[in-house]
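Since the structure comes first, as structure tokens, the remarks are kept for the end.
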Amino acid sequence: MKLVIWPLLITLITSIYFLYNHFIGNSNIINDNFPDIINTSYIDLLTDASSSPTGWNDGDRVLFLVPLRDAAEHLPMFFNHMKNMTYPHNLIDLSFLVSDSKDDTLGMLKSQLNEIQSSDDPLMPFGEIEIFEKDFGQSVGQGFSDRHGFKAQGPRRKNMAKARNWLTSISLKPYHSWVYWRDVDVETIPPTILEDLMSHNKDIIVPNVWRPLPDWLGCQQPYDLNSWQESDGGLKLAKRLDEDAVIVEGYPEYFTWRPHLAYLRDPYGNPKTEIQLDGIGGVSILAKASVFRMGAHFPAFSFLKHAETEGLGKMAKAMGLEVVGLPHYVIWHIYEPSDDDIKHMEWMAKEEIRLAKWNEIMDLYYKNFKNSFQEINFDDWENEKNKMMKNSDPFKLDRKVIVDWSE
Amino acid sequence: MSSFQMLKYQATKNKNIKIISSLCLFIFLYYLISSSNNNSDSNSLILENRKNSPYTYSDTNSLNKKKKKWFPENLPNNHISHYDLNSVKTTKNPLQNNEKILILSPMANFHLQYWENLLNLNYPRELIELGFILPRTLDGDKALKQLQIEISKIQNSKDDNIKKFSKITILRQDNDSPESQLEKDRHALQNQKKRRSQMATARNSLLFSTIGPFTSWVLWLDSDIVETPKNLIQDLTAHDKPVISANCYQRYYDENEKKNSIRPYDYNNWAESNEGLRLAANLPDDEIIVEGYQEIATYRPLMAHFYDPNGNINDEMFLDGVGGTCLMVKADVHRDGAMFPNFPFYHLIETEGFAKMCKRLGYEVIGLPNYLVYHYNE
């Protein structure tokens with residue numbers, strides 16, 4: 001009879017355990033009454049906004065943030081990636097900030113979103129979608145070289161930082177568990193990007209960002225040089241500069257000798273390898289929502305001589321948070337030609353035309369040449385030559401020639 | 001007889017075990033069938049991609065099951081909403097423009113006088129949003145209970161004369177905070193850095209969870225401010241400054257003079273001094289300077305000492321550090337990124353670091369030495 005009691009006891013204990021978890025373990029004293037109060041919500045940041053490394057199975061809501069500026073042409077590609085994402089779409093809230101755009105970014109955005117949201121597939125529509133319009137005024141042009149020139153970097157970074165801070169502060173809700181920053185001009189990215197980054201369970205994590213190149217430039221190249229580890233050279237440089245200076249990576253004006261995430265890539269390396277970072281790039285950042293709630297943001301001023309995403313890395317470090325990069329896990333940015341590249345491509349195009357013309361001229365020349373001279377049969381010439389030369393065969397020159405000199 | 005055999009024997013004898021085991025088997029089979037059905041029947045792009053994914057996706061990803069309590073509700077058509085922030089204004093006449101005010105109060109203890117004072121503010125409640133954050137302590141539990149009772153009196157009132165606040169958000173802190181909030185422990189110098197760092201985190205969590213696209217002004221009002229002028233919001237916004245702080249005093253009974261009197265309370269409103277700068281220059285990077293301790297003499301001009309009972313209530317002074325007990329901030333300043341550093345920022349932390357960050361962002365910080373608000377007397 002004793003043994004009959006055992007299974008009963010086990011069921012009893014497990015049921016008590018589950019009941020306890022259900023009613024006491026996770027719940028807070030009185031929160032159940034709050035939904036009854038008009039316009040009032042009670043959120044426990046510990047349980048309602050927790051972030052788990054398997055968030056897709058734990059109902060973690062992801063706030064997906066995309067800053068947009070004159071980006072209409074990239075949107076179809078971007079939304080193709082969005083449709084393919086494996087993370088439960090209903091758990092993803094999208095927020096876009098459209099600023100200072102001269103093309104039809106807004107119209108394109110809305111039509112693409114409406115298409116996705118009215119899809120037949122019940123798994124396709126995303127959670128809440130917010131589009132914000134705010135112009136910050138821009139101090140620099142939006143051409144590749146305008147944006148990436150050295151002088152433009154400081155003011156441009158500070159403006160971008162403001163835009164990013166606006167977007168986080170107005171869209172972050174108390175129940176978000178993760179915040180994901182993504183640039184719209186990413187060309188190739190795994191559909192599991194969120195799970196891949198989330199499973200590392202880090203405060204802030206970024207992948208490696210490369211870009212494909214035309215074959216005459218070597219096929220591929222590191223793109224995002226803003227993800228780096230601090231170096232002695234970098235710290236020394238920072239000390240030397242004045243308070244408002246902003247160090248930007250990837251320019252010969254500032255040599256920092258920092259190890260860049262981009263250059264640490266091994267195409268055959270383990271994609272899960274992590275390295276610690278101090279500055280990060282903004283192409284694709286996954287962070288726990290608590291990071292932004294804690295106050296970490298993109299400094300729109302010179303914070304320890306850095307701004308925007310690199311400043312976020314520095315600030316998160318100052319807060320004691322963990323900032324990590326994945327050197328062998330790569331996403332691909334689109335290739336936008338620089339001014340030099342454009343010049344080179346212009347030269348290549350001109351060269352092509354010139355060669356075509358040259359070939360045309362040469363064709364004509366050969367034609368004329370052919371017509372102006374008589375064609376001679378080579379074999380006849382060879383026969384005649386043999387006949388003419390046979391008596392003067394040099395190999396027979398050493399024959400003895402006898403001359404009779406007598407009279 | 002081994003126990004397994006015994007169990008087998010019991011199973012053949014005992015009807016209940018049979019029923020339970022068959023029930024278990026049935027549930028298990030049902031689970032298997034339902035989960036496999038879900039994956040094979042659909043030709044969804046997402047499910048197709050998940051087949052190549054190295055991760056497993058539980059059944060809860062279907063739309064009906066919610067693992068977490070909170071999710072967006074009342075979503076518009078296709079879930080898309082559009083906001084034009086270029087039209088949001090922050091002016092010195094917030095009433096005329098129907099500007100929205102967000103009042104934020106970190107709350108360790110609930111004081112009824114605080115709540116009554118809040119209710120007495122004569123700015124329309126439909127333009128006011130409230131935000132509270134409470135620590136994970138027993139005090140926090142108690143404050144939460146009292147807060148809930150008082151809020152429901154207003155928000156759930158059947159009386160049409162009682163106007164309701166447009167939105168109230170109450171947050172429970174996720175990080176630990178020190179149990180003791182006694183006056184003595186709270187102000188011990190060695191506890192300051194940790195305590196104020198946690199305070200800064202709480203303020204930031206509250207701010208970044210509640211500030212919305214249409215917020216024009218943010219009023220930081222500590223939950224132990226029990227008396228302010230009725231026109232507080234209009235008075236502070238009228239100065240049209242990015243960051244403006246009232247002077248925080250405390251009412252007490254003067255034993256020597258045998259009468260009620262007032263004394264300065266918040267010493268964190270100050271202008272920088274040469275001595276302060278010199279101290280900071282010689283400190284290690286991770287050290288902080290806090291005001292109001294004899295151990296650190298900064299000789300900074302403290303706004304608390306600039307109160308003149310006969311002075312003009314609108315007199316302004318430039319500040320470099322603020323206290324946050326009663327502080328009006330243009331929402332744009334916060335949205336640009338100004339927050340309360342929970343780490344040493346120019347050797348400053350929390351509200352004092354906030355003032356420094358505002359200045360780094362190019363905003364001026366102003367104090368009103370003759371405009372008094374009163375702190376609870378413990």
Side-chain angles (χ1 to χ4, degrees), chain A residues 3-4 28-30 33-34 37-46 48 56-59 83-84 86 88 90 93 113-114 117-118 121-123 125-135 161-162 165-166 169-170 172 174-175 191-192 195 290 292-295 297-301 318-319, chain B residues 3 6-7 10 14 44-46 49-50 53 55 57-58 60-61 63 66-70 72 75 78-86 141 144-145 148 151-152 155-156 164-174 201 204-205 208-209 211-213 334-337 339-340 342-343 360-361:
Chain A
L3 285 163
V4 188
N28 285 284
I29 335 99
I30 37 174
N33 288 332
F34 273 85
I37 304 180
I38 294 164
N39 293 345
T40 305
S41 45
Y42 170 76
I43 294 116
D44 186 335
L45 294 176
L46 189 69
D48 301 332
W56 57 95
N57 287 337
D58 299 328
K83 285 178 201 161
N84 272 302
T86 50
N90 59 318
D93 294 332
L113 280 172
N114 275 316
Q117 293 303 92
S118 46
D121 183 350
L123 293 178
F126 289 93
E128 184 172 26
I129 298 176
E130 293 175 316
I131 303 170
F132 301 105
E133 262 186 290
K134 168 76 185 172
D135 297 328
K162 269 187 195 172
N165 291 335
W166 273 66
S169 57
I170 56 189
L172 184 63
Y175 48 74
T192 51
E195 294 94 315
S290 60
F292 288 99
R293 251 183 230 122
M294 206 177 277
H297 66 279
F298 303 92
F301 56 94
M319 291 179 166
Chain B
S3 60
M6 183 67 189
L7 200 69
Q10 291 285 355
N14 195 324
S44 151
L45 177 64
I46 297 147
N49 284 336
R50 278 190 192 157
S53 161
Y55 308 98
Y57 298 85
S58 74
T60 48
N61 292 335
L63 302 173
K66 300 277 193 303
K67 275 257 175 160
K68 287 201 165 133
K69 199 169 58 182
W70 286 99
L75 292 177
N78 276 350
H79 302 187
I80 304 172
S81 33
H82 175 212
Y83 306 89
D84 185 3
L85 301 184
N86 292 316
D141 287 353
L144 187 61
K145 242 175 224 167
Q148 183 206 3
I151 287 178
S152 69
Q155 297 298 89
N156 285 358
K164 296 175 171 57
F165 291 104
S166 77
K167 193 178 164 192
I168 301 179
T169 310
I170 302 154
L171 300 182
R172 201 65 191 270
Q173 241 169 293
D174 52 353
T201 306
N204 290 332
S205 303
F208 292 113
S209 303
I211 191 169
H334 281 311
R335 282 192 282 249
D336 276 356
M339 53 69 148
F340 303 89
N342 55 6
F343 55 90
R360 295 289 290 131
L361 282 163

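Bear in mind the structure is a predicted one, so any value in this text is a computation, not a measurement. Naming: A, B, ... by sequence-line order, numbering from 1 per chain.
Atom CD1 of Ile151(B) is separated from atom CG of Asn39(A) by 11.0 Å, given to the nearest 0.5 angstrom. Here the straight-line distance linking atom CD1 of Ile170(A) with atom CG of Leu85(B) works out to 4.5 Å at 0.5 Å rounding. The line from CD of Glu195(A) to CZ of Arg50(B) is 7.5 Å long, rounded to the nearest 0.5 Å. Atom-to-atom distance recorded for His297(A):NE2 and Asp336(B):CG is 9.0 Å, nearest 0.5 angstrom. A distance of 9.0 Å separates CG of Leu113(A) from CG of Asn78(B), quoted to the nearest 0.5 Å. Taking OG of Ser81(B) as the reference point, atom CD1 of Ile129(A) lies at 8.5 Å (rounded to 0.5 Å).
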Report task. Output, in order, the C-alpha distance, side-chain angles, deciding distance and verdict of side chain to side chain contact (heavy atoms under 4.5 Å, CB included) for His79(B) and Phe126(A). Result -> CA-CA 8 Å; His79(B) 302 187; Phe126(A) 289 93; over 6 Å; no
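Taking a 6.0 Å sphere around NZ of Lys83(A), one finds it holds more than 12 heavy atoms contributed by other residues, nucleotides or ligands.
Only the side chain of Lys164(B) comes within contact range of chain A, with at least one heavy atom under 4.5 Å from a heavy atom of that chain. Within the 4.5 angstrom heavy-atom criterion, only side-chain atoms of Pro191(A), from C-beta onward, approach chain B. Heavy atoms closer than 4.5 Å to chain B are found in the backbone of Phe292(A), but not in its side chain.
You'll find the side chain of Thr86(A) stays beyond 4.5 Å of the side chain of Tyr55(B), heavy atoms only. Two residues are said to be in side-chain contact when any heavy atoms from C-beta on lie closer than 4.5 Å; Arg172(B) and Leu46(A) fail this criterion.
In terms of heavy-atom pairs under 4.5 angstrom with chain A, the leader among Thr201(B), Asn86(B), Leu45(B) is Asn86(B). Heavy-atom pairs under 4.5 Å with chain A peak, among Leu361(B), Asn156(B), Ile211(B), Asp84(B), at Asn156(B). Between chain B and the options Ala300(A), Ser290(A), Ala161(A), Pro299(A), the largest number of non-hydrogen pairs under 4.5 Å is found for Ala300(A). Interface summary for chain B: among Glu130(A), Glu128(A), Gln117(A), Glu133(A), the most heavy-atom pairs under 4.5 angstrom belong to Glu133(A).
Remark: Tyr175(A) engages no residue in a ring-ring contact (aromatic ring centres under 6.0 Å, His included) (not counting sequence neighbours). Phe165(B) meets the ring-ring contact (aromatic ring centres under 6.0 Å, His included) test with no other residue; sequence neighbours excluded.
At least one donor-acceptor pair under 3.5 Å links the side chain of Asn49(B) to the backbone N or O of Asn84(A).
Nearest heavy atom pair, residue Pro174(A) against residue Leu171(B), reads CB-CD2, 3.8 Å. Residues Met294(A) and Asn204(B) share a closest heavy-atom pair of O-ND2, 2.8 Å. When all heavy atoms are compared, the tightest approach of Ser58(B) to Asn57(A) is N-OD1, 2.8 Å. Across all their heavy atoms, Thr40(A) and Gln155(B) have their closest contact at OG1-CG, 3.9 Å.
The aromatic rings of Tyr57(B) and Trp56(A) lie tilted to each other, with the angle between the two planes from 30° to 60°.
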